[in-house]
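The block underneath contains the structure these notes are about, expressed in structure tokens.
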Amino acid sequence: MRRVTIYDTLSRESRLFVPRFPPRVGMFVCGLTPYDEAHIGHARVAVVFDVVARALARWGYRVFYVQNVTNIDDKILGRAGELGLDPFALAARHFGEWREAMERLGVRSVQYYPHATDYLPEILEQVGQLVDRGFAYRTDDGSVYYEVAKFPGYGKLSGQKVEALRPGARLEIDRNKHAPEDFVLWKAATPGEPSWESPWGPGRPGWHIEDTAITARLLGPRYDLHGGGLDLKFPHHEAEIAQAEAATGLAPLVNFWMHAGLVSMGGEKMSKSLGNVYSLTQALDEFGPMVLRFYYLNAHYRSPLEFTRGESLEAAREAYARLSLPYRRLRSQWDQEAPERVGEELPEELASASADLVDRLDETLADDFQTREVIAQLFVWGHRVAEWLPKLDRLSSGALATLAAPYRWVEETLGLFEEVEASGSSDLAAAVGVAIEARTRARTRGDFAEADRIRDALRSARIELEDDTTGTRWERTASK
RNA sequence: GCCAAGGUGGCAGAAUGGUUAAUGCGACGGACUGCAGAUCCGUUUCCUGGGGGUUCGAUUCCCUCCCUUGGCUCCA
């Protein structure tokens, strides 16, 4: 297992990552509340932690990665009410869209998506523990609140002091609560809304409780890694610590807290309530999943990312196209050929440079997941590969593998290049080959009108031609 | 007001107590081309918010101020 350092938001320092029970790693990331379409801010978190999980797995850790789905809460109920839909059907629909988007983006490291409503027994058990241990109280209306004053560590994650919260603008005024900062664990049922039976009366879970009930069940009372968007740090993650540590008496709940930077648009956080959103589906349709993935990983995960319509993803598309080009060429070579191929070998120096680079990529990523730096190093490698591109067809399969090694590393670990497919020897390749020959003959006899007609026809079939000194190549245009 | 994260070239965005402060986008020039595009090569030596301090040396460490963003019980 590789030595990995991770910046922990609780201690505010980078620390050596040591799981409680190596090589196993328990990892939890706050998922979404599927009441509406996801936007590109949500997907950033998903991609970032997908890379974390992929990398840890690559380095020999056995990661159990869980991401919850809040399928019951105020927003879902509110939206379902507006639309006249069943709240669970609404949640299921948007979660289905999310899974589809994740599949397109190559986010496949999440092993389990627990739904809040499947964990009612665990939720009730934890609320009960908190009541029994004196950290929570029932109010007359049948709700149960967490009494923040009873938990001295409250505020340690976000640096907030409880007294400082009191003048806060949005503390809800509720006579039932002992103190304004107390938060709801179990919310008494409202007529006409879904509810579950409990020792305190019918109701539904509060916002924070599902996460700790789920992790207590799946990952144990203490676990290794908890991630989420920066906007969840307070109050949500603070509440998770208070709930779990008070319920079990064991601390710390989590060894490493990771928070991903937010995506902003027009200088403000992208958020549905502000209306400055760019939908995930739209981004995927317009630019393709790999461009979006590249866009996210081209920044450090903790940095804020300012999204500019008409610029950000266009720039990412250009950069990604250039980054992936040498790999596309390499792939087109070895898939057309038999597994082993005799040919020219690379200079010793280049072969060892390839191996060194792969080592360096691991090292770079293991230092708090510096994906941007990994990409920068791959761009530099691309310049070295470039001089070999015109003579790829003369290289041995071993030489090709050497040139491709850093790309394969990035493909496996960052999940880029997934759309890169070999041209292959399919019927399509044969048909395109015939067309290219016809065009070449037309060009040779100076019939450029005919040559351009063929090029345009192929283009409309999403086949792009490129002429260079060695002849004409073709590629399928990225599917949308 | 309190808490947190930031401020680096035209833009995006890294890194580091020490030779020319990555990389990419864009721009410009060149090669290649029937043309276009793509690609390749080169240039874009005058970019680290202001002011103090520590140091032989600060963009990096410390103090302070300014500004931006996020949070202050809906949020990824």
Side-chain angles (χ1 to χ4, degrees), chain A residues 9 12 29-33 35 38-46 48-49 67 70 73-75 78 148 155 157-161 163-172 180-184 206-208 227-236 238-239 259-264 267-274 294-295 298-300 302-308 311-312 314-323 325-326 329 364 370-380 382-383 386-387 389-390 442-444 446-449 451-452 455 459 464-469 473 475:
Chain A
T9 352
R12 298 192 184 89
V29 172
C30 286
L32 72 169
T33 302
Y35 73 100
H39 58 65
I40 59 172
H42 300 115
R44 180 186 190 187
V45 173
V48 160
F49 288 104
Q67 188 177 110
T70 308
D73 95 331
D74 292 348
K75 292 214 159 180
V148 168
L157 178 65
S158 55
Q160 304 274 359
K161 293 191 184 69
E163 314 82 69
L165 296 173
R166 299 239 165 121
R170 277 157 55 187
L171 279 173
E172 116 194 43
E181 66 273 12
D182 292 352
F183 57 86
V184 71
W207 176 31
H208 314 298
L230 190 59
D231 52 353
L232 293 182
K233 194 162 140 190
F234 187 90
H236 184 55
E238 200 74 70
H259 288 96
L262 303 179
V263 177
S264 60
E268 286 180 301
K269 180 175 99 170
M270 185 171 289
S271 113
K272 288 163 193 162
S273 39
L274 291 167
F294 174 87
Y295 171 66
N298 201 23
H300 186 77
R302 281 189 276 121
S303 306
L305 204 48
E306 166 69 16
F307 177 81
T308 309
E311 278 181 29
S312 298
E314 284 76 359
R317 177 170 55 198
E318 295 309 314
Y320 177 71
R322 184 153 302 158
L323 182 71
L325 181 122
R329 294 278 173 82
T364 301
Q370 301 183 70
T371 53
R372 182 57 177 90
E373 181 58 24
V374 165
I375 289 172
Q377 290 178 24
L378 194 65
F379 268 114
V380 174
H383 292 303
E387 70 173 295
L389 290 182
R443 290 173 72 202
T444 309
D447 184 356
F448 298 119
D452 290 346
R455 182 169 61 191
R459 185 175 287 153
E464 195 64 31
L465 298 187
E466 298 175 12
D467 300 324
D468 65 22
T469 45
R473 303 173 188 287
E475 264 181 9

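Values below: all heavy atoms of this structure, side chains included; hydrogens, waters and symmetry mates excluded. Within every chain, numbering begins at 1; the chains are lettered A, B, ... in the order of the sequence lines, protein sequences first and strands thereafter.
- Per the stacking criterion (ring centres < 5.5 Å, plane angle < 30°), Phe448(A) stacks onto the base of rG34(B).
- Spacing between rG49(B) and rG13(B) at atom P, rounded to whole Å, works out to 15 Å.
- Counting non-hydrogen atoms under 4.0 angstrom, Ser303(A) reaches the backbone sugars and phosphates but no base.
- Rounded to whole Å, the distance from CD1 on Ile40(A) to C1' on rA12(B) is 14 Å.
- Nucleotides rG53(B) and rG17(B), compared at atom C1', are 15 Å apart to the nearest Å.
- Among the protein residues, Asp74(A) comes within range of no part of the nucleic acid, since none of its heavy atoms lies under 4.0 Å from any strand.
- Remark: rA4(B) base-pairs with rU69(B); criterion is Watson-Crick or G-U wobble with both hydrogen-bond distances under 3.5 Å.
- Within the 4.0 angstrom heavy-atom criterion, no nucleotide atom of any strand lies near His259(A).
- Applying the 4.0 Å criterion to OP1 and OP2 of rA4(B), one finds that Gln160(A) has every side-chain N and O outside that range.
- Annotation: of the two residues near RNA chain B, His39(A) and Tyr295(A), the 5′-most nearest-nucleotide partner is Tyr295(A).
- Residues Arg455(A) and Arg459(A) have side chains in contact (heavy-atom distance under 4.5 Å, counting atoms from C-beta outward).
- Residue His236(A) has no polar side-chain atom (N or O) positioned under 4.0 Å from OP1 or OP2 of rU73(B).
- Side-chain proximity of Lys75(A) to rU23(B), rC74(B), rC35(B): nearest is rC74(B).
- Using C1' as the reference atom, rU44(B) and rA22(B) are 16 Å apart when rounded to the nearest Å.
- Pairing of rU43(B), defined by two Watson-Crick or G-U wobble distances under 3.5 Å, is identified with rA27(B).
- Note on Gln370(A): only backbone sugar-phosphate atoms sit closer than 4.0 angstrom, heavy atoms only; bases stay farther off.
- Nucleic acid contact class of Val380(A) (heavy atoms, under 4.0 Å, all strands): sugar-phosphate only.
- Across all strands shown, rG9(B) forms no Watson-Crick or G-U wobble pair with both key distances under 3.5 Å.
- Between Lys233(A) and Leu157(A), some side-chain heavy-atom pair lies under the 4.5 Å cut-off.
- At a threshold of 4.0 angstrom between heavy atoms, the contacts of Ala260(A) with the nucleic acid are absent.
- The side chain of Lys269(A) lies closest to rG71(B) when the candidates are rG71(B), rA4(B), rC41(B).
- Here, rA38(B) and rA27(B) have their P atoms 10 Å apart, quoted to the whole Å.
- Candidate nucleotides rA14(B), rG34(B), rG71(B) were compared by shortest atom distance to the side chain of Phe234(A), and rG71(B) ranks first.
- Remark: the separation of the C1' atoms in rU68(B) and rU8(B) is 15 Å, to the nearest Å.
- One interatomic measurement links the two molecules: NZ of Lys233(A) to P of rA76(B), which rounds to 17 Å at whole-angstrom precision.
- Within 4.0 Å (heavy atoms only), Gly267(A) reaches sugar-phosphate atoms of the nucleic acid but no base atom.
- Ser158(A) comes within 4.0 angstrom of sugar-phosphate atoms only, judged by non-hydrogen atoms across all strands, and of no base.
- Scanning atom types as modelled, one donor and one acceptor separated by under 3.5 angstrom connect the side chain of Arg455(A) and the base of rA36(B).
- Straight-line distance between the P atoms of rG1(B) and rC65(B): roughly 11 Å, to the nearest whole Å.
- Here Phe379(A) lies in heavy-atom contact (under 4.0 Å) with sugar-phosphate atoms only.
- Using a 4.0 Å heavy-atom cutoff across all strands shown, Ala315(A) reaches sugar-phosphate atoms only and no base atom.
- Applying the 3.5 Å distance criterion, the base of rG34(B) shares no donor-acceptor pair with the side chain of Asp447(A).
- Between Arg372(A) and rG24(B) there is no side-chain polar atom (N or O) within less than 4.0 angstrom of OP1 or OP2.
- Residue contacts shown for Gly159(A) are limited to sugar-phosphate atoms, with no base heavy atom under 4.0 Å away.
- Contacts of Leu262(A) with the nucleic acid, taken as non-hydrogen atoms under 4.0 Å apart, include base atoms.
- Look at the C1' atom in both rA21(B) and rU60(B): the space between them is 11 Å, to the nearest Å.
- Taking for each of Glu268(A) and Val148(A) the nucleotide of RNA chain B with the nearest heavy atom, the 5'-most of the two is the partner of Glu268(A).
- If you check every strand for non-hydrogen atoms under 4.0 Å, Ile375(A) touches nothing.
- Across all strands shown, rC61(B) pairs with rG53(B); the Watson-Crick or G-U wobble distances both stay below 3.5 Å.
- With a cut-off of 3.5 Å on both Watson-Crick or G-U wobble distances, the partner of rG37(B) is given as none.
- At a threshold of 4.0 angstrom between heavy atoms, the contacts of Asp73(A) with the nucleic acid are absent.
- When the P atom is used for both rU20(B) and rU59(B), the distance is 14 Å, rounded to whole Å.
- The phosphate of rA5(B) (OP1 or OP2) has no side-chain N or O of His300(A) nearer than 4.0 angstrom.
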